[in-house]
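As a basis for the values below, the full set of heavy atoms in this structure was taken, side chains included, without hydrogen atoms, waters or symmetry mates. Residue numbering restarts at 1 for every chain, and letters A, B, ... go by the order of the sequence lines.
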Protein chains: 2
Amino acid sequence: MNQSNKIGIKKAALRLFSEKGYEDTSLHEIALAVGIKKPSIYNHFDHKEDIFCAVLDDLLLSETTEYQHLRKQMKIDEPKTNLRMLFDLYCKRLMTTEEALLWKRVTFFPPQQFKEMIEEKFFEFENVVTEILSGIYNDARAADILRDVDGDEFTASFFCLVDGIFLEHHYYNEQVFRQRMDAVWKVYNLGIFKGEGE
Amino acid sequence: MNQSNKIGIKKAALRLFSEKGYEDTSLHEIALAVGIKKPSIYNHFDHKEDIFCAVLDDLLLSETTEYQHLRKQMKIDEPKTNLRMLFDLYCKRLMTTEEALLWKRVTFFPPQQFKEMIEEKFFEFENVVTEILSGIYNDARAADILRDVDGDEFTASFFCLVDGIFLEHHYYNEQVFRQRMDAVWKVYNLGIFKGEGE
DNA sequence: CCTACCGATCGGTAGG
DNA sequence: CCTACCGATCGGTAGG
């Protein structure tokens, strides 16, 4: 019973689940990636489903930790900068981590047996980001730099922005994607914040 | 060789592929839904893959037809109304058609063997909508109702808007979704169009 | 940790 | 359009 193999199984499963989905990933493939035989997986997990749950638990912990860490770096008198930092962190993780890919896959098209569990985790994670956004909104409101937009509209439009960005990241090469990111961020800013002379 | 069964197979496949995905739908299930036995499917299609291609061809044809039809209803002197009509058509189809659900699924997580084909269709469909958007942009520019936003930024931000909406339609119930839709549309409008006094 | 194996299900075929 | 069947692969088990 080698604990490093247990970690290896989770690591391989994270990659394969994110690339191909849960149903389309076989235990044989996972075992192959780890360098063991399929039945040896059962030394560490009782069912394929248990691997999925373990991977998702790890994922949610690392994501929330990351965003909580960002929160501590924020300065109360710079809401515009804070919002951009949140946007950048989201985009960066989107483009570089397997975790973000798996997260979007399973929140979007959950394997049937995990639907409820995933939904719970989704709202848990959304609450973490929503709280950060609320803080930024209050700071921006106090500084009187916002247009006529309430807190819910502020939050909803941010989520829609990053959700749209996420989807588009699948389709365009990095150059086109960055152009899109800049264009979209510009319009979002024009919509949220007052202009110079206003 | 009953042609109505061929249509029935495509109809059942559209529903099942959209609900469960391509890999997770068996030919047995499709046959069951049509009321025939699995091998009889092979009277109409040589492979499971051919059913998928036929369903996707039908889908793209009906989508582009729908948007071309909208285009003809637009009035050159009402760019704001036209943009809203485009947004509404998009949202309506998203919430009511199996086609939109399947489209969402396969553009987001294409079955590996169809990846290229789906990408081609994605850009084909995007071009149809981009042309409509360009027309609206030119009309709005001529009417001098736009902020400092160029054609590419106008197009990119609209796509990001509907892509975000597209994704969020999955997470929320209809009531929350409609609230989000309104909030997001409001911020987008504030970003794109000049305010009253400007 | 392995080899050898299980029943169930998959896409697809033979033959009528 | 059907019944009967194919080899391959799935998640999982027995036994060492």
By a strict heavy-atom criterion of less than 4.0 Å, which residues belonging to residues 20-28 of chain A are in contact with DNA chain D?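 Correct list: A:Thr25, A:Ser26, A:Leu27.
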
So, is the end of the A:Lys20 side chain (NZ or CZ) under 6.0 Å from the ring centre of B:Phe109 and within 45° of the ring's axis?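 So A:Lys20 doesn't make the cation-pi contact.
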
Ring-face cation contact, A:Phe45 with A:Lys10, 6.0 Å cut, 45° max: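 Judged by the rule (NZ or CZ under 6.0 Å from the ring centre, within 45° of its axis), A:Lys10 is not positioned above A:Phe45.
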
Taking [atom1] from [X] and [atom2] from [N], how many angstroms apart are they, rounded to a whole number?
X       : N      : atom1 : atom2 : value
B:Glu49 : C:dG11 : CD    : C1'   : 10 Å
A:Leu32 : D:dC10 : CG    : P     : 11 Å
A:His44 : D:dG11 : NE2   : P     : 17 Å
A:Asp46 : D:dT13 : CG    : C1'   : 12 Å
A:Ile41 : D:dC10 : CD1   : C1'   : 13 Å
A:Ile30 : C:dC1  : CD1   : P     : 14 Å
B:Tyr42 : C:dG15 : OH    : C1'   : 17 Å

B:His170 and B:Lys104 side chains, donor-acceptor separation under 3.5 Å: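 Side chains of B:Lys104 and B:His170: pair found under 3.5 Å.
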
Regarding A:Arg141 and A:Tyr137, do their side chains bring together a donor and an acceptor under 3.5 Å, going by distance alone?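 The criterion, which ignores hydrogens and geometry beyond distance, is satisfied for A:Tyr137 and A:Arg141.
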
Does A:Arg84 pair with A:Asp88 as a salt bridge, N-O distance under 4.0 Å?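 A salt bridge links A:Arg84 with A:Asp88.
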
Does this structure show an ion pair linking B:Glu119 with B:Lys115, if we count only N-O contacts that are shorter than 4.0 Å?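 Not counted as a salt bridge, because no side-chain N and carboxylate O are separated by less than 4.0 Å.
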
Among A:Glu98, A:Glu63, A:Glu99, which one satisfies salt bridge (Lys or Arg N to Asp or Glu O under 4.0 Å) with A:Arg93?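 By the salt bridge (Lys or Arg N to Asp or Glu O under 4.0 Å) criterion, A:Arg93 pairs with just one of A:Glu98, A:Glu63, A:Glu99: A:Glu63.
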
Count the heavy atoms of every other residue, nucleotide or ligand shown that sit under 6.0 Å from NZ of B:Lys11, and state whether that count exceeds 12.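 Count not over threshold, so no.
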
For atom CD of B:Gln175, is the number of surrounding heavy atoms from other residues, nucleotides or ligands below 6.0 Å larger than 12?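 12 or below, so no.
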
So, is B:His47 near the phosphate of C:dG11, with a side-chain N or O under 4.0 Å from OP1 or OP2?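 No, outside the criterion.
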
For DNA chain C, list all stems, counting runs of three or more consecutive pairs where every pair is Watson-Crick or G-U wobble with both distances under 3.5 Å.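 Stems (3+ consecutive pairs) listed as C:1-16 with D:1-16.
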
Mind checking whether B:Leu146 and B:Lys194 have side chains closer than 4.5 Å, heavy atoms only?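 Contact flag for B:Leu146/B:Lys194 side chains = no.
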
Do B:Met181 and B:His169 touch side chain to side chain, with heavy atoms closer than 4.5 Å?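 When only atoms from C-beta onward are counted, B:His169 and B:Met181 do not touch, as no gap falls below 4.5 Å.
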
Between the protein and nucleotides 2-6 of chain C, list every N/O to N/O distance that falls short of 3.5 Å.
| from | atom 1 | to | atom 2 | distance (Å) |
| --- | --- | --- | --- | --- |
| C:dC2 | OP1 | A:Lys37 | N | 3.4 |
| C:dC2 | OP2 | A:Lys37 | N | 2.9 |
| C:dC2 | OP2 | A:Ser40 | OG | 2.2 |

